[in-house]
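Have a look at the structure below before the remarks.
Whatever order the structure lists ligands and atoms in, that order sets their numbers, starting from 1. Only this structure's heavy atoms are used, side chains among them; waters, hydrogens and symmetry mates stay out. Nothing fancy with the numbering, it's 1 onward along the sequence.
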Amino acid sequence: MPDRILLYEGKAKIIYATENPEIVLAEFKDDATAFNALKRGTISGKGAINCQISQVLFQYLEQCSIATHWIDCPSLNQMRVKKVKILPLEVVVRNIAAGSLCQQTGLPLGEVLVRPLVEFYYKNDALGDPLLTRDRLLLLKLATENQIDQLKKLALECDRYLSEFFSNCNLTLVDFKLEFGIDGKSQLLLADEISPDTCRLWDNLETDPQNRVMDKDRFRQDLGKVENAYQQVLERVLAQKNPTRNREKK
Ligand code: TMP
Ligand code: ASP
């Protein structure tokens, strides 16, 4: 195989050029980081698991009329995606209080929010990805008024569709982070990944506050059995995507 041209290496993915200038190849890594890369480790098999979960969820959202960057997956840990200019924003949607929302507001862990909360964070490691206000978004020209409204609407739609999907997997979508990009035709596309790295997922079959955690919080908080949780999410997502597969197995 000819040497691939590396365009960008992030904490969880490497982006390679392809022969088509409008398409790039995202390779998902097993590397795991938390707390702005202060904590580093490896989650064995994570790259392939997150790539497969993301593929199912992007396909599902496309069916729900959400435009995404996903094209196909040439291997288990590689995804061909439309080349986009990623907006330097992390759009977080929260259904239940957890993580930084609890730390910064004092809301108790697990409190169900009256309505989903949409937040914007500045994707900037040097600044520690700070929370942004609408006025700061405009001040820094990170998005226009229209784009902010469009991003919020899209994020809430994704929340509705993903919450329903995960609920059918016996998982509660506590909160999640989305990234968006603009393609060559100025279209806003959902990008990056949707996986246990970027979502908090609680197992509806477990009540214990530690055992129910099925996402990267197991790594962040040293809860153990990280690989098992990721694998379990993949199996449930694949079974939900393809229910007959599961029935045939029984
Ligand atoms: P937070 O509670 O730490 O702000 O995280 C909110 C959601 O965003 C949670 O589902 C994890 C996800 N997330 C990322 O995907 N990347 C990040 O760098 C951070 C801080 C959170
Ligand atoms: N992805 C982030 C980082 O390393 C943090 C996180 O997911 O908690 O740095």
Side-chain angles (χ1 to χ4, degrees), residues 8-15 26 28-43 46-47 49-51 53-54 57-58 68-69 86-113 116-133 151-152 154-156 158-163 165-167 169 171-181 190-203 209 212-223 226 229-230 233 237:
Y8 171 79
E9 177 155 9
K11 285 179 276 198
K13 285 183 285 300
I14 306 174
I15 307 295
F28 288 60
K29 302 197 285 190
D30 288 356
D31 299 351
T33 62
F35 315 119
N36 204 3
L38 283 178
K39 181 181 171 90
R40 289 175 182 275
T42 302
I43 301 174
K46 175 172 86 80
I49 290 173
N50 282 357
C51 183
I53 294 172
S54 295
L57 296 174
F58 281 138
T68 80
H69 70 158
I86 293 279
L87 299 176
L89 294 176
E90 300 197 338
V91 184
V92 169
V93 185
R94 302 178 189 271
N95 298 305
I96 293 176
S100 68
L101 182 65
C102 295
Q103 284 154 18
Q104 293 171 11
T105 66
L107 276 176
L109 174 69
E111 180 154 313
V112 178
L113 307 184
L117 176 67
V118 181
E119 297 175 326
F120 294 86
Y121 292 83
Y122 191 9
K123 213 169 122 70
N124 184 320
D125 285 341
L127 298 176
D129 296 346
L131 178 64
L132 292 165
T133 61
L151 288 168
K152 188 167 174 185
L154 276 171
L156 286 170
C158 289
D159 181 45
R160 221 160 21 102
Y161 295 130
L162 292 173
S163 291
F165 186 97
F166 282 123
S167 162
C169 303
L171 294 166
T172 296
L173 181 59
V174 173
D175 58 31
F176 60 101
K177 182 263 300 181
L178 298 176
E179 292 186 28
F180 292 86
L190 179 60
D192 194 48
E193 66 178 279
I194 309 172
S195 72
D197 268 12
T198 62
C199 301
R200 281 198 175 89
L201 298 165
W202 289 352
D203 188 353
R212 71 184 172 187
V213 174
M214 300 291 278
D215 55 69
K216 198 176 168 188
D217 272 351
R218 298 206 74 82
F219 170 78
R220 294 188 188 100
Q221 298 169 21
D222 293 319
L223 299 179
V226 186
Y230 276 63
V233 173
V237 163

Starting from [atom], what is the nearest protein heavy atom, named by residue and atom, and what distance separates them?
atom: atom 1 (P) of ligand 1; value: Ser100 OG, 3.4 Å
atom: atom 7 (C) of ligand 1; value: Asp175 OD1, 3.7 Å
atom: atom 5 (O) of ligand 1; value: Arg200 NH1, 3.5 Å
atom: atom 20 (C) of ligand 1; value: Glu90 OE1, 4.7 Å
atom: atom 15 (O) of ligand 1; value: Lys177 CE, 3.0 Å

[X] [atom1] to [Y] [atom2] distance, which is reported to the nearest 0.5 Å:
X: Glu119; Y: Ser100; atom1: CD; atom2: OG; value: 6.0 Å
X: Asp30; Y: Ile49; atom1: CG; atom2: CD1; value: 8.5 Å
X: Thr133; Y: Phe120; atom1: OG1; atom2: CZ; value: 11.0 Å

Item to complete: Under the salt bridge (Lys or Arg N to Asp or Glu O under 4.0 Å) rule, what do Lys39 and Asp222 come out as? Steps first, then yes or no, please.
Response: CA-CA 11 Å; Lys39 181 181 171 90; Asp222 293 319; 2.7 Å; yes
Discussion item. Quick one: does any side-chain atom of Asn95 pair with a main-chain N or O of Leu173 as donor and acceptor, under 3.5 Å?
Written reply: yes
Heavy-atom side-chain contact between [X] and [Y] under 4.5 Å:
X: Leu101; Y: Leu113; value: yes
X: Phe166; Y: Val237; value: yes
X: Leu89; Y: Phe180; value: no

Worksheet item: Can you tell which part of Lys216 has a heavy atom less than 4.0 Å from ligand 1: side chain, backbone, both or neither?
Response: neither
Practice prompt. Check Arg220 against ligand 1 and report side chain, backbone, both or neither, counting heavy atoms closer than 4.0 Å.
Written response: side chain
For ligand 1, which atoms have a heavy atom of [X] less than 4.0 angstrom away?
X: Phe176; answer: 10 (O)
X: Gly99; answer: 2 (O)
X: Cys199; answer: 10 (O)
X: Thr198; answer: 10 (O), 12 (C), 15 (O)
X: Asp197; answer: 15 (O)

Worksheet item: Which residues pass the ring-ring contact (aromatic ring centres under 6.0 Å, His included) test with Phe58, sequence neighbours left out?
Response: His69
Worksheet item: Looking at Leu201, Asp159, Val91, Thr198, which hits side chain to side chain contact (heavy atoms under 4.5 Å, CB included) with Phe176?
Response: Asp159
Item to complete: For ligand 2, list the protein residues that place a heavy atom within a distance below 4.0 Å of one of its atoms, sorted by chain and number.
Response: Lys11, Thr33, Ala34, Phe35, Asn36, Ala37, Lys216, Arg220
Response to the item:
The salt bridge (Lys or Arg N to Asp or Glu O under 4.0 Å) partner of Lys177 among Asp197, Asp129, Asp192 is Asp192
Worksheet item: Does a salt bridge link Arg200 with Asp215, judged by any charged N lying under 4.0 Å from a carboxylate O?
Response: no
